[in-house]
Every structure is written in structure tokens, then in C-alpha cells.
Undergrad: 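Questions regarding the structure given below will be posed in turn.
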Amino acid sequence: GNNPSPGAPLRLAYTTDSYVVTPIFFPGGGIGRLAVCGTVNDLAVGGARPLYLTCGMILEEGLPLETLRRAVASMAEAAGDADVRVVTGDTKVVPRGAADKLFINTTGLGLVPAGLSLGAGNLRPGDRILVSGHLGDHGITVLAARGELDFETGLRSDCRPLHRLTASMLAACPAIRAMRDVTRGGLAAVLNEFASASGVRIGIDERALPIRPEVRGAAELLGLDVLYLACEGALAAAVPGADADAVLEAMRGDPAGAHATLIGEVTDEPEGVVMRTAFGSSRMVDMLIGEQLPRIC
């Protein structure tokens with residue numbers, strides 16, 4: 001459970017991730033900002049306060065120095081936004097063609113408050129499912145930046161740190177069951193992880209999903225399902241039903257949670273994720289086999 005026990009020690013949290021987005025820069029972000037925010041958010045949704053990052057860069061021979069400077073400057077800016085310090089790093093140059101421009105790995109270190117225990121296996125029937133913001137913005141923005149859309153979307157990636165949002169949520173309800181940032185695999189991957197780990201059914205309402213009309217339209221045009229599109233500044237959380245309103249209020253008080261929405265609930269029916277569609281029918285939301293979009297984060 002999440003009830004602090006007297007004298008319980010702080011715990012260290014570690015996470016590591018590698019970033020390989022194409023193109024390197026896109027509206028609202030780029031590989032440097034992505035590397036910082038992605039790792040900070042992995043710590044934050046585990047209940048940790050992010051503190052330090054390491055940075056490893058793989059550079060393709062011939063990468064313009066200005067491109068590297070731009071990526072490093074964006075990392076520095078993002079680290080300031082995220083209240084973390086990049087404390088050590090490494091660079092390696094590989095022959096032309098052995099890597100695609102620039103790959104970044106970041107490892108994050110943070111502290112988890114005493115007694116806090118978030119986990120995908122904690123869900124219980126009666127819990128509510130909340131999302132903090134619009135779905136699919138990052139995925140469609142990156143596709144548009146690749147020139148795969150024949151029209152301008154005006155969209156920007158939602159790439160941002162979520163540590164202040166998660167801290168506000170936990171202050172409102174220390175008994176939050178689980179949180180995950182919605183990245184690779186989209187909301188569908190997060191909810192299936194929750195359902196499988198807890199042995200529960202999660203029911204969501206398509207009409208409640210916060211999706212911008214331009215994201216929905218672009219996804220339909222490309223034959224993509226927004227439920228599987230990556231975000232880089234949104235999270236999903238499972239909270240006890242009695243605390244859902246308080247957590248929603250806390251989320252909406254933070255800029256990163258301004259569009260927070262209740263999208264569904266947990267039941268004791270057979271395990272899985274089921275969506276009630278806008279037409280009133282129901283369909284299973286399965287895990288995606290493979291990646292819907294490669295090189296996106």
C-alpha cells in the first residue's frame with residue numbers, strides 16, 4: 001500500500017532510455033528535449049523526485065556541429081525546466097552510415113518518498129482512470145515534420161516534464177494506485193499493462209478521450225489509431241474512485257494537466273481493456289504487435 005510507515009527510508013529510483021527520433025527537431029521539441037523529459041517523466045510517474053541525469057551521445061561522422069550545439073542547448077533548457085542537473089556524459093563518433101545522425105541515452109536518478117508504492121499491479125475494482133492531457137499530439141507532430149501529411153496541422157509536440165504534476169497528484173491523494181507516461185504504444189499499451197498486472201478489466205469511453213480534432217482527422221486520414229500514438233507530456237493514472245475528483249482538481253491546477261479527464265473505470269470482469277465507442281458498441285483494445293510508427297521517441 002501507499003501508507004507511509006514511521007521511519008521508512010527514502011528510496012533511490014533509477015531509469016534509463018535511449019532516444020532515436022526522426023526528424024531530430026520538430027515543432028515543440030527535439031531529440032535533446034525529448035531525452036531529458038522522457039527520462040524525468042519515467043522517474044516522476046514512479047513517484048520519484050528527479051534529481052540527476054547522465055547523457056550518452058552516439059554521433060554519426062559528419063554530423064554538423066551546429067546540429068549538436070542545438071541539441072545540447074535544448075537539453076540544457078529542458079533540464080532547467082525539469083529541475084534536474086546533467087552530471088556526467090559521454091560522446092562517441094561512429095562511421096558515416098553506422099548511426100543515423102544522433103542517438104542519445106539518458107539515465108535518471110531520483111528519490112521516492114518514504115512509504116510510497118506505485119505499481120501497475122495495484123489496481124482494484126472501483127478505481128477510476130484519468131489522463132492528464134490530449135492524446136496523440138506528439139505522434140502526429142512528428143509525422144507532419146517528416147512530410148507525411150499533405151496539409152499543415154499547426155500541432156506541436158507535448159514534450160514537457162511532468163514532475164510537478166505528479167507531485168501535485170500525490171499530494172492530493174498519496175493512495176494513487178499507478179501512473180505511467182503515455183509514450184511508445186500509446187494509451188492502449190499503458191492500460192493493457194495495468195489490466196494485465198492487476199488481473200482486472202478497464203473500461204473506457206471513447207467520447208471522453210481528450211483528442212484534438214486535427215489529431216483525430218490526421219490519424220483517420222493515415223489509417224492510424226490515436227490510442228496507439230505516443231505522447232511525450234501526458235500520463236495516465238489509476239486512482240481510488242473516492243479520490244478521483246480531488247486528483248482531477250489537482251491535475252487541472254497544473255499547466256501540464258489543464259485538460260485532465262476521467263476516461264474510465266476498473267471492474268472485476270475478465271481481464272482486458274474494453275472501449276465503449278461513440279456509436280454505443282464495445283470493442284477490445286489490445287496491445288499493438290510491433291510499432292505503429294518507428295523512430296518516434
Side-chain angles (χ1 to χ4, degrees), residues 45 118-140 158 162 165-166 169 173 175-213 215-220 223-252 256-289 292:
V45 296
L118 301 173
N122 291 341
L123 277 67
R124 303 289 181 268
D127 290 348
R128 300 291 189 266
I129 304 298
L130 313 177
V131 293
S132 65
H134 291 110
L135 303 174
D137 287 10
H138 176 74
I140 295 299
D158 60 347
L162 296 173
L165 174 65
T166 56
M169 293 168 66
C173 175
I176 288 175
R177 310 291 195 198
M179 296 188 288
R180 288 287 187 276
D181 48 338
V182 181
T183 54
R184 278 180 290 273
L187 181 65
V190 173
L191 297 185
N192 272 283
E193 180 191 1
F194 285 174
S196 176
S198 295
V200 295
R201 175 168 292 193
I202 296 175
I204 60 173
D205 185 344
E206 182 177 27
R207 294 166 297 183
L209 298 176
I211 301 171
R212 299 182 197 274
V215 169
R216 192 184 299 278
E220 288 177 358
L224 301 174
D225 188 334
V226 178
L227 287 173
Y228 298 95
L229 287 176
C231 308
E232 287 296 337
L235 63 79
V239 305
D243 298 307
D245 288 343
V247 177
L248 264 180
E249 184 178 355
M251 294 170 79
R252 290 171 178 165
H259 300 283
T261 308
L262 169 66
I263 64 164
E265 65 179 331
V266 178
T267 68
D268 59 2
E269 296 174 88
E271 179 185 311
V273 180
V274 177
M275 182 171 73
R276 185 168 181 80
T277 72
F279 302 106
S281 60
S282 295
R283 73 171 177 93
M284 296 296 296
V285 178
D286 296 317
M287 288 287 283
L288 191 66
I289 304 301
Q292 185 172 222

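These figures come from a predicted structure and were not determined experimentally.
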Undergrad: Roughly how far, to the nearest 0.5 Å, is CG of Asn122 from CZ of Phe194?
TA: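 Result: 9.5 Å between the selected atoms.
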Undergrad: With side-chain contact (heavy atoms from CB on, under 4.5 Å) as the test, would you mind laying out the steps for Arg124 and Val266 before giving the verdict?
TA: CA-CA 7 Å; Arg124 303 289 181 268; Val266 178; over 6 Å; no
Undergrad: Do Arg180 and Leu235 have side chains that get closer than 4.5 Å, going by heavy atoms?
TA: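 No, too far: nothing below the 4.5 Å cut-off.
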Undergrad: Hey, are the side chains of Leu165 and Ser132 touching, using non-hydrogen atoms and a 4.5 Å cut-off?
TA: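 Contact flag for Leu165/Ser132 side chains = yes.
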Undergrad: For Ala195 and Gly272, work out which heavy atoms get closest and say how close.
TA: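 Nearest heavy atoms, Ala195 then Gly272: CB-O, 3.7 Å.
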Undergrad: Please name the pair of heavy atoms, one in Ile140 and one in Ala218, separated by the smallest distance, quoted to 0.1 Å.
TA: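 Smallest heavy-atom distance, with atoms named: CG2-CB, 3.8 Å.
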Undergrad: Using a strict cut-off of less than 4.0 Å between a Lys/Arg side-chain nitrogen and an Asp/Glu carboxylate oxygen, indicate whether Asp127 and Arg177 qualify as a salt bridge.
TA: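 The answer is yes: the pair qualifies as a salt bridge.
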Undergrad: In Å, rounded to the nearest 0.5 Å, how long is the span from CG of Leu191 to CG of Asp286?
TA: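 The distance works out to 12.5 Å.
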Undergrad: Which pair of non-hydrogen atoms, one from Pro210 and one from Ile263, has the smallest distance, and what is that distance?
TA: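 Reported closest heavy-atom pair: CD-CG2, 4.2 Å.
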Undergrad: Given side chains that start at C-beta, do those of Ile176 and Met169 come closer than 4.5 Å, heavy atoms only?
TA: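 Yes, close enough: below the 4.5 Å cut-off.
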Undergrad: Are Asp205 and Arg128 ion-paired here, with the side-chain N under 4.0 Å from a carboxylate O?
TA: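 No, no charged N to carboxylate O under 4.0 Å.
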Undergrad: If I compare all heavy atoms of Ala178 with all of Gly119, which pair ends up nearest, and what's the gap?
TA: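 For Ala178 versus Gly119, the nearest heavy atoms are CB-O, 3.3 Å.
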Undergrad: Please step through side-chain contact (heavy atoms from CB on, under 4.5 Å) for the pair Leu227 and Val285, ending with a clear verdict.
TA: CA-CA 8 Å; Leu227 287 173; Val285 178; 4.0 Å; yes
Undergrad: Take Val131 and Leu187 through the side-chain contact (heavy atoms from CB on, under 4.5 Å) test and state the conclusion after the steps.
TA: CA-CA 9 Å; Val131 293; Leu187 181 65; 3.8 Å; yes
Undergrad: Can you find a pair of side-chain heavy atoms, one from Met275 and one from Leu209, that are under 4.5 Å apart?
TA: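 Contact flag for Met275/Leu209 side chains = yes.
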Undergrad: Taking all atoms of both residues into account, what is the closest heavy-atom pair of Glu193 and Ala120, and its distance?
TA: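 Residues Glu193 and Ala120, closest heavy atoms: OE2-CB, 3.9 Å.
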Undergrad: Please round to the nearest 0.5 Å and tell me the distance separating atom OG1 of Thr261 and atom NE2 of His134.
TA: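 Going from OG1 on Thr261 over to NE2 on His134, the span is 7.5 Å.
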Undergrad: To the nearest 0.5 Å, tell me how far Arg201 CZ sits from Glu265 CD.
TA: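 With rounding to 0.5 Å, CZ (Arg201) is 12.0 Å from CD (Glu265).
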Undergrad: With sequence neighbours excluded, give me every side-chain hydrogen bond (donor to acceptor under 3.5 Å, both in side chains) pair touching residues 233-251.
TA: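 Every candidate side-chain hydrogen bond (donor to acceptor under 3.5 Å, both in side chains) pair involving residues 233-251 fails, so no pair, neighbours aside, qualifies.
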Undergrad: For a 4.5 angstrom cut-off between non-hydrogen side-chain atoms, does Ile202 reach Asn192?
TA: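 Side-chain contact under 4.5 Å: no.
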Undergrad: Counting N and O atoms only, with roles assigned by atom type, does the side chain of Ser198 sit under 3.5 Å from a partner on the main chain of Val200, one being a donor and the other an acceptor?
TA: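 Absent.
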Undergrad: Which heavy atom in Val190 sits nearest to a heavy atom in Ala236, and how many Å separate them?
TA: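 Shortest heavy-atom separation between Val190 and Ala236 comes out as CG1-CB, 4.0 Å.
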Undergrad: Distance-only, no hydrogens or angles: does the Asp181 side chain make a donor-acceptor pair with backbone N or O of Thr183 under 3.5 Å?
TA: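 No, the answer is negative, given that no donor and acceptor are paired below the 3.5 Å cut-off.
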Undergrad: Under a 4.5 Å cut-off applied to non-hydrogen side-chain atoms, are Ser196 and Glu271 in contact?
TA: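 SC-SC contact between Ser196 and Glu271 confirmed.
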Undergrad: So Leu229 and His138, do their side chains get closer than 4.5 Å, heavy atoms only?
TA: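 No. Closest side-chain heavy atoms not under 4.5 Å.
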Undergrad: What's the separation between atom CZ in Arg276 and atom CZ in Arg283, rounded to the nearest 0.5 Å?
TA: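 If I round to the nearest 0.5 Å, the distance is 14.0 Å.
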Undergrad: Check whether any side-chain heavy atom of Tyr228 sits under 4.5 Å from a side-chain heavy atom of Leu135, and report yes or no.
TA: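 No, too far: nothing below the 4.5 Å cut-off.
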Undergrad: Just to verify, what does Asp137 make a side chain to side chain donor-acceptor pair (under 3.5 Å) with, not counting sequence neighbours?
TA: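 Per chain and number, Asp137 pairs via side chain to side chain donor-acceptor pair (under 3.5 Å) with Arg212.
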Undergrad: How long is the gap from CZ on Arg252 to CG on Leu130, to the nearest 0.5 Å?
TA: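 CG of Leu130 is found 9.0 Å from CZ of Arg252.
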